[in-house]
Amino acid sequence: MLDLPFLRQHADEAKKRLAKRPGYDTSVIDELLAADDERRQIQTQLDALLSEQNILSKEIGKLYGQGKKEEADAIKEKSLELKAQTGELQKLHDEASDSIRSMLLLIPNLPQLRVATGKSAEDNVTVKEGGPRHQLYVGARPHWELATSLGIIDFETGNKITGSGFPLYVGKGARLQRALIAWFLDKATAQGFTEYMPPLMVNEDSGYGTGQLPDKEGQMYHVTADNLYLVPTAEVPLTNIYRDTIVKEEDLPIKMTAYTPCFRREAGSYGKDVRGLNRLHQFDKVEIVQIEHPDRSNATLDSMVAYVESLVVELGLQYRILQLCSGDTSFASSITYDFEVFAAAQEKWLEVSSVSNFESFQANRMKCRYKSAETGKNHLVHTLNGSALALPRIMAAIMENYQTEKGIVVPDVLRPFCGFHIID
RNA sequence: GGUGAGGUGGGUGAGUGGCUGAAACCAACAGUUUGCUAAACUGUCGUACUGGGCAACUGGUACCGAGGGUUCGAAUCCCUCCCUCACCGCCA
């Protein structure tokens, strides 16, 4: 949710940034500001009336105390008249506030000016490429065939137990998965991120806090009996730790990490991209989250990108880093970098991480502020997060890129966590 | 699931209709004292919206789990909902 005081002071900047989103009609900003103006006028009137009423009430109390009943009753009459007026204004004020809030909830975050303007994934900008291209032997297979023939992932049985998109990892497949999680968490904690194991279901308030609600209602699994949502990413429970809080300026940045399974309905995606591990309803992910000072959030974004890069480098995967264009930048984000690794057998780039600076967009929804040490005033924090990393596509890339005639060779860094060096 | 208790500022906790935006204590912060630490003393110490002023600052309104109601006036009375805690039952 955009910050209204910011919009008032920087309407032009806001419109310029918002206009980067394809097809977005920035006149909502003007409507919003007009509505805000009106609301403030109403409040001024309302406050004056309420103030008058409060004075009268106190007067009545005093008069009763002195036993001056008639005088008190006379003032009561007056107060009742006022009450009718305030009731009307109160209603107007509530309506105005509600409509402003619902307008605000629907406006996406402002892309940063440096974000490339564009419509779709086609317009994303590759900012870096790296890692070795893996040369495969003749007869190399895509990961879903490999995984099935090696018996490390049983898609059929996952399908039987739950449905498609819920793979069953078996034996070394399960162990490799666990090794990745352990390695990612160790790396993150070594970088100063505090490890959490959060709840896997969140309430509505948390969903609104990080912006999944109301925008992506249909993407989350909803446990209606208890009105809870299965987490689509650890970002939601982690960031919401700081919902409704005021942190000390010197405590920033706050660095958190967690491994969680992630649940996504992926409604509306069928067909080509869903083979094997490419797109799942349940998958594992280690997430990193930072709550940061506004002045430093972009520098912190860079450090998070560098950190994620170090992971794919150590895994020896061919990768590229994209800066998403304005049209592909998600609702809540102001700037996003995606990491893709190359799956050599299916010859496809797979997205394994998305690192974003949300600026104050989530903080405003969550009411997470910091108290300025200098002025003592409260300001919204900035929030950032990134996958570090999403497991299935990393698994897919490892399987495809590291396959040999003898089996899948485990990348060096994972061997201490696996206890084996080849899957055959 | 059953029964009982309760939700007040960062924490403990007082407050049953007007003098309470809220006592007291603790924590925190600033200062005095001090060789350092500690202690003591003094002061500051909720949030949001909003008016005036360039600003320092200074007015107003709202908020005592949430939403309604009674009343001139509600933290306090009434209703609904949510949540927490304790004990019992069930269970990893």
Side-chain angles (χ1 to χ4, degrees), chain A residues 1-9 32-105 197 199-209 213 223-229 237 240-252 254 261 291 360 363-381:
Chain A
M1 185 162 75
L2 297 178
D3 184 34
L4 207 38
F6 173 85
L7 292 179
R8 269 185 224 138
Q9 282 168 18
L32 186 67
L33 290 176
D36 175 52
D37 217 50
E38 199 186 322
R39 200 216 93 236
R40 283 194 286 166
Q41 281 180 33
I42 296 170
Q43 185 182 341
T44 307
Q45 291 174 45
L46 178 61
D47 283 356
L49 285 182
L50 287 172
S51 173
E52 210 175 317
Q53 257 187 313
N54 285 340
I55 291 166
L56 290 182
S57 290
K58 275 181 190 149
E59 194 62 27
I60 292 169
K62 224 180 269 171
L63 290 172
Y64 269 126
Q66 295 165 1
K68 296 177 181 167
K69 216 164 176 191
E70 293 87 57
E71 287 178 49
D73 287 342
I75 297 176
K76 244 193 225 185
E77 295 274 318
K78 223 162 118 191
S79 180
L80 275 169
E81 280 170 39
L82 271 180
K83 203 181 173 184
Q85 292 178 50
T86 50
E88 283 291 304
L89 272 179
Q90 187 75 60
K91 220 171 113 190
L92 282 176
H93 184 260
D94 290 349
E95 282 167 8
S97 306
D98 287 351
S99 83
I100 287 168
R101 184 174 168 79
S102 44
M103 268 193 248
L104 272 174
L105 277 175
M197 211 182 255
L200 300 182
M201 290 196 264
V202 295
N203 58 29
E204 231 175 344
D205 286 346
S206 295
Y208 275 96
L213 295 175
V223 181
T224 51
D226 298 292
N227 198 25
L228 295 172
Y229 294 86
N240 272 285
I241 291 171
Y242 285 91
R243 174 153 49 82
D244 289 320
T245 59
I246 299 172
V247 300
K248 287 193 211 136
E249 187 170 8
E250 63 262 33
D251 288 343
L252 300 174
I254 293 163
I291 294 179
S360 62
N364 194 27
R365 289 182 170 220
M366 291 200 306
K367 294 197 173 56
C368 178
R369 291 93 83 211
Y370 70 93
K371 191 176 281 289
S372 161
E374 206 180 318
T375 64
K377 295 216 169 108
N378 297 326
H379 304 281
L380 294 171
V381 298

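Every heavy atom of this structure was used, including side-chain atoms; hydrogens, water molecules and symmetry mates were not. First the proteins, then the strands, lettered A, B, ... as listed; each starts at 1.
- Here Asp36(A) pairs with Arg39(A) in a salt bridge; the nearest charged N to carboxylate O distance falls below 4.0 Å.
- Interatomic distance, Ile254(A) CD1 to Thr245(A) OG1, rounded to the nearest 0.5 Å: 7.0 Å.
- Tyr370(A) has its side chain out of reach of Lys248(A): every pair of non-hydrogen atoms, C-beta onward, lies at least 4.5 Å apart.
- Of the C1' atoms belonging to G7(B) and G67(B), the separation is 16 Å, rounded to the nearest Å.
- Residue contacts shown for Leu56(A) are absent, as no nucleic acid heavy atom lies under 4.0 Å away.
- Comparing the same atom, C1', in U12(B) and in A66(B) gives a spacing of 24 Å after rounding to whole Å.
- Backbone-only engagement by Asn54(A) is indicated by non-hydrogen atom pairs under 4.0 Å involving sugar-phosphate atoms exclusively.
- To the nearest whole angstrom, the two C1' atoms, one in C45(B) and one in G9(B), are 11 Å apart.
- Note on Asp94(A) versus Lys91(A): no salt bridge recorded, every NZ/NE/NH1/NH2 to OD/OE distance being 4.0 Å or above.
- Note on Arg8(A): a side-chain N or O is less than 4.0 Å away from OP1 or OP2 of U50(B).
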Output one line per pair: protein atom, nucleotide atom from nucleotides 73-75 of chain B, and distance, for all N/O pairs under 3.5 Å.
| residue | atom | partner | partner atom | Å |
| --- | --- | --- | --- | --- |
| G73(B) | OP1 | Lys83(A) | NZ | 3.2 |
| G73(B) | O4' | Ser57(A) | OG | 3.3 |

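- For G17(B) and A75(B), the P atoms lie 13 Å apart once the distance is rounded to whole Å.
- Applying the 4.0 Å criterion to OP1 and OP2 of C49(B), one finds that Arg40(A) has every side-chain N and O outside that range.
- Figure legend. U12(B) is base-paired to A24(B); pairs are counted as Watson-Crick or G-U wobble with both atom distances under 3.5 Å.
- No donor-acceptor pair closer than 3.5 Å links the side chain of Ser51(A) to the backbone N or O of Asp47(A).
- For C63(B), the paired base is G46(B) (Watson-Crick or G-U wobble, both distances below 3.5 Å).
- Donor-acceptor pairing under 3.5 Å is lacking for the side chains of Tyr208(A) and Asn203(A).
- Comparing A62(B), C72(B), U50(B) by their nearest atom to the side chain of Leu50(A) picks out A62(B).
- Distance from the side chain of Ile60(A) is smallest to C72(B) among A48(B), C72(B), C49(B).
- Among the heavy atoms of the strands lying under 4.0 Å from Ile246(A) are primed sugar atoms or P, OP1, OP2 only; no base atom is included.
- Contacts of Lys371(A) with the nucleic acid, taken as non-hydrogen atoms under 4.0 Å apart, involve only primed sugar atoms and P, OP1 or OP2.
- Distance noted for atom C1' between A23(B) and A30(B): 24 Å (whole Å).
- Formation of a donor-acceptor pair under 3.5 Å by the Asn240(A) side chain with backbone atoms of Ser206(A) is found in this model.
- Residues Asp3(A) and Lys76(A) each lie close to RNA chain B; by heavy-atom proximity, the contact nearer the 5' end of the strand is made by Asp3(A).
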- Task: Would you check, one step at a time, whether the test side-chain contact (heavy atoms from CB on, under 4.5 Å) holds for Arg8(A) with Arg40(A)?
- Result: CA-CA 12 Å; Arg8(A) 269 185 224 138; Arg40(A) 283 194 286 166; 3.5 Å; yes

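- With U47(B), A62(B), U50(B) as the choices, the nucleotide that has an atom nearest any side-chain atom of Arg369(A) turns out to be U47(B).
- Rounded to a whole angstrom, the distance from the P atom of C26(B) to that of A48(B) is 27 Å.
- Across C64(B) and G59(B), the matching C1' atoms stand 24 Å from one another, rounded to whole Å.
- Taking atom P in both U47(B) and G11(B), the straight-line distance is 13 Å, to the nearest Å.
- Among the nucleotides U47(B), C72(B), U50(B), the one closest to any side-chain atom of Thr44(A) is U50(B).
- When each of Lys377(A) and Leu80(A) is assigned the nucleotide of RNA chain B with its nearest heavy atom, Lys377(A) is the one assigned upstream, toward the 5' end.
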